[in-house]
Amino acid sequence: MSVRVRMAPSPTGFLHIGGVRTFLFNWLFARHHGGELRLRIENTDTSREVAEAVDQIEESLRWLGLDWDGPTTFQLDRIDDCRDVAQRLVAEGRAYEDEGAIRFRMPDDGVTGWDDAVRGRVEVANETIEDLVLVRSDGRPTYNFASPLEDVWDEITHVIRAEDHISNTPKQINIISAVGAELPVYAHLPNVNGPDGKKLSKRHGATGVDEFRRAGYLADALVNFLALLGWAPDGETTIMSRAELVERFSLERVTPSPAQFDYAKLDWMNGVYLRALPGDEFARALVVWLGEQGYDWDAQLVRRAAPLVQEKIQRLGDFPAFAGFLFHDVAPDAAEPDGGGPMLAAARATLAQLEPFTAEAIEAALRAVADGLGLKPRQAFQPIRVAVTGSRVSPGLFESIELLGRETTLARLAAASR
RNA sequence: GGCGCAUUCGUCUAGUGGCCUAGGACACCGCCCUCUCACGGCGGCGGCACGGGUUCGAAUCCCGUAUGCGCCUCCA
């Protein structure tokens with residue numbers, strides 16, 4: 001049997017990272033089984049629809065590399081079909097009018113249950129399920145009516161969604177049963193919470209896909225990280241390519257308990273991905289990202305600086321603060337302990353004459369100077385670093401000086417000596 | 001309050017009755033490497049929520065309690 005699943009965002013704004021995790025699992029499931037993945041916008045409520053939201057959602061999914069099959073569909077387009085079904089249910093006595101709305105008559109006794117692909121058997125007593133509004137008094141169908149109907153019409157085989165839908169499931173099962181259709185398999189994924197165990201929100205940090213993109217995370221890293229929230233192929237593997245993710249993914253190995261979003265681990269993983277990039281690809285990613293963020297820094301210099309920072313930054317967004325001294329003036333750190341004066345003067349004199357002005361030659365020359373002054377490397381180089389880069393933390397000093405060039409280096413050394 | 005779901009190191013997880021004196025990863029701490037930072041290497045800290053069962057034997061099965069979360073909208 002071939003599988004068909006769907007991603008069903010409501011167009012209320014940017015794509016939330018928690019939603020992305022749900023979409024990712026649908027994507028992994030579909031691709032693993034060679035099935036189809038639909039993108040369905042759940043807009044029963046036109047008042048909340050933001051025109052740009054759909055474009056933004058699609059753009060985010062494209063950036064993440066989560067592709068879908070067929071055209072994007074809209075719940076709103078099937079509003080009439082929903083109403084027809086509601087009328088039929090009324091005619092059959094399965095639903096009734098209530099102050100202008102149409103309500104579904106839930107069974108009064110017995111239980112409604114299903115075998116959840118993640119949690120096993122789940123059962124709910126029917127007496128605890130209230131009669132559900134199918135169509136509002138203004139004629140618009142509700143989510144819990146339209147969504148299951150669309151699953152039927154779209155021939156969705158597996159409904160993979162977050163656990164906050166567990167309570168909706170028995171309602172939707174009764175709707176589907178009432179229209180005589182076959183039930184999909186349900187799989188309720190654990191929620192993704194913030195570091196404090198509460199619902200992931202702004203105060204925890206980035207929550208929108210676009211925010212992660214702006215911060216300089218790689219889509220591959222984000223996907224890898226998200227895949228591990230509620231799923232693991234085994235006990236050790238953490239870094240996995242998309243192909244491996246697709247190959248190894250299974251609903252059976254999804255855990256039922258909620259996960260917390262660990263920003264520190266994401267940072268680490270992004271660093272792993274950054275370091276794994278071939279040098280030229282890393283450089284290109286840097287150039288592209290800087291361009292997107294509005295930096296007009298010289299691309300050629302960025303490419304030359306790339307190798308100096310690839311092992312040292314975790315996010316592309318760390319680059320401006322870490323290597324910005326190559327692109328703009330710096331304000332030396334006045335707090336640097338003294339004792340650097342002689343070294344600065346000696347370095348200035350030496351570098352003024354040095355040929356060739358390469359990292360290798362610069363290092364040899366400065367080490368010789370340090371030796372002459374009887375200084376430990378650390379004592380000798382730290383004042384220079386601060387003078388030249390404006391920071392106590394920087395890429396390799398000698399490579400940085402080479403890139404900066406003799407003129408600028410001497411000027412900064414001079415400025416720091418005053 | 002009702003109904004439901006969940007509960008292994010701080011975090012993500014492995015574990016499906018004996019292989020567990022519970023394994024891996026992130027974070028944290030220490031050491032090494034070292035021009036700073038980072039990378040890398042080595043080591044350390046740290047957990048089966050609690051209480052009852054079942055069993056020769058339980059992190060693993062059952063029951064209860066506690067805690068957290070979700071839903072209970074003519075929101076999605």
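Each chain gets a letter, A, B and so on, in the order its sequence line appears, and its residues count up from 1. As a basis for the values below, the full set of heavy atoms in this structure was taken, side chains included, without hydrogen atoms, waters or symmetry mates. Owing to the predicted nature of the structure, the values given are computational and were not obtained by experimental measurement.
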Pairwise [atom1] distance for [N] and [M], with rounding to whole Å:
| N | M | atom1 | answer |
| --- | --- | --- | --- |
| B/G30 | B/C35 | C1' | 23 Å |
| B/C9 | B/A27 | C1' | 12 Å |
| B/U54 | B/U7 | P | 24 Å |
| B/C72 | B/G15 | C1' | 36 Å |
| B/C61 | B/G23 | C1' | 23 Å |
| B/U8 | B/C50 | P | 11 Å |

Closest listed nucleotide, where the reference is the side chain of A/W268 and the choices are B/A25, B/G70, B/A14:
B/A25
Check every atom of B/C74, B/G24, B/C75 against the side chain of A/E236 and return the nucleotide holding the closest atom.
B/G24
Please work out if [X] contacts a base, only the sugar-phosphate, or nothing of the nucleic acid, heavy-atom cut-off 4.0 Å.
| X | answer |
| --- | --- |
| A/A264 | sugar-phosphate |
| A/N193 | nothing |
| A/N168 | base |
| A/Q314 | nothing |
| A/R253 | sugar-phosphate |

If only side-chain N and O atoms count, and only distance matters, is there a donor-acceptor pair under 3.5 Å linking A/D131 with A/Y96?
yes
Side chains of A/R385 and A/S400: donor-acceptor distance under 3.5 Å anywhere?
no
Quick check with a 6.0 Å cut-off and a 45 degree axis cone: is A/R253 positioned over the face of A/F249's six-membered ring?
no
Assess whether a salt bridge exists between A/R213 and A/E59, defined as any Lys/Arg side-chain N lying under 4.0 Å from an Asp/Glu carboxylate O.
yes
In whole angstroms, how far is the P atom of B/G40 from the CG atom of A/L274?
13 Å
Return no unless some side-chain N or O of A/R40 is found under 4.0 Å from OP1 or OP2 of B/A76.
no
Under 4.0 Å between a side-chain N/O of A/K198 and OP1 or OP2 of B/C69, yes or no?
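Affirmative; the distance criterion is met.
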Searching all strands shown, indicate the nucleotide that pairs with [N] (Watson-Crick or G-U wobble; both distances under 3.5 Å).
| N | answer |
| --- | --- |
| B/U36 | none |
| B/A58 | none |
| B/C69 | B/G4 |
| B/A14 | none |
| B/C50 | B/G64 |

Each nucleotide N or O in nucleotides 4-10 of chain B that has a protein N or O under 3.5 Å away: list the pair and distance.
residue	atom	partner	partner atom	Å
B/C5	O2'	A/R119	NH1	2.4

Shorter than 3.5 Å, N or O on both sides, protein versus nucleotides 34-36 of chain B: list them out with atom names.
residue	atom	partner	partner atom	Å
B/C35	OP1	A/R367	NH1	3.3
B/C35	OP1	A/R367	NH2	2.4
B/C35	O2'	A/R385	NH2	2.9
B/C35	O2	A/R385	NH1	3.4
B/C35	O2	A/R385	NH2	2.5
B/C35	N3	A/L397	N	3.3
B/U36	O4'	A/Q382	OE1	3.4
B/U36	O4'	A/R385	NH2	3.4
B/U36	O2'	A/R392	O	2.8
B/U36	N1	A/R385	NH2	3.3
B/U36	O2	A/S394	N	2.7
B/U36	O2	A/S394	O	3.0
B/U36	N3	A/R385	NH1	3.4
B/U36	N3	A/S394	O	2.6
B/U36	O4	A/K312	NZ	3.3

Before you tell me yes or no, could you show the steps for A/H165 and A/Y143 under ring-ring contact (aromatic ring centres under 6.0 Å, His included), namely the whole-Å CA-CA distance, both residues' side-chain angles and the distance that decides it to 0.1 Å?
CA-CA 11 Å; A/H165 284 287; A/Y143 164 78; 5.7 Å; yes
Can A/H165 be classed as stacking with the base of B/A76, given a centroid separation cut-off of 5.5 Å and a plane angle cut-off of 30°?
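Yes; by the centre-distance and plane-angle rule, A/H165 counts as stacking on B/A76.
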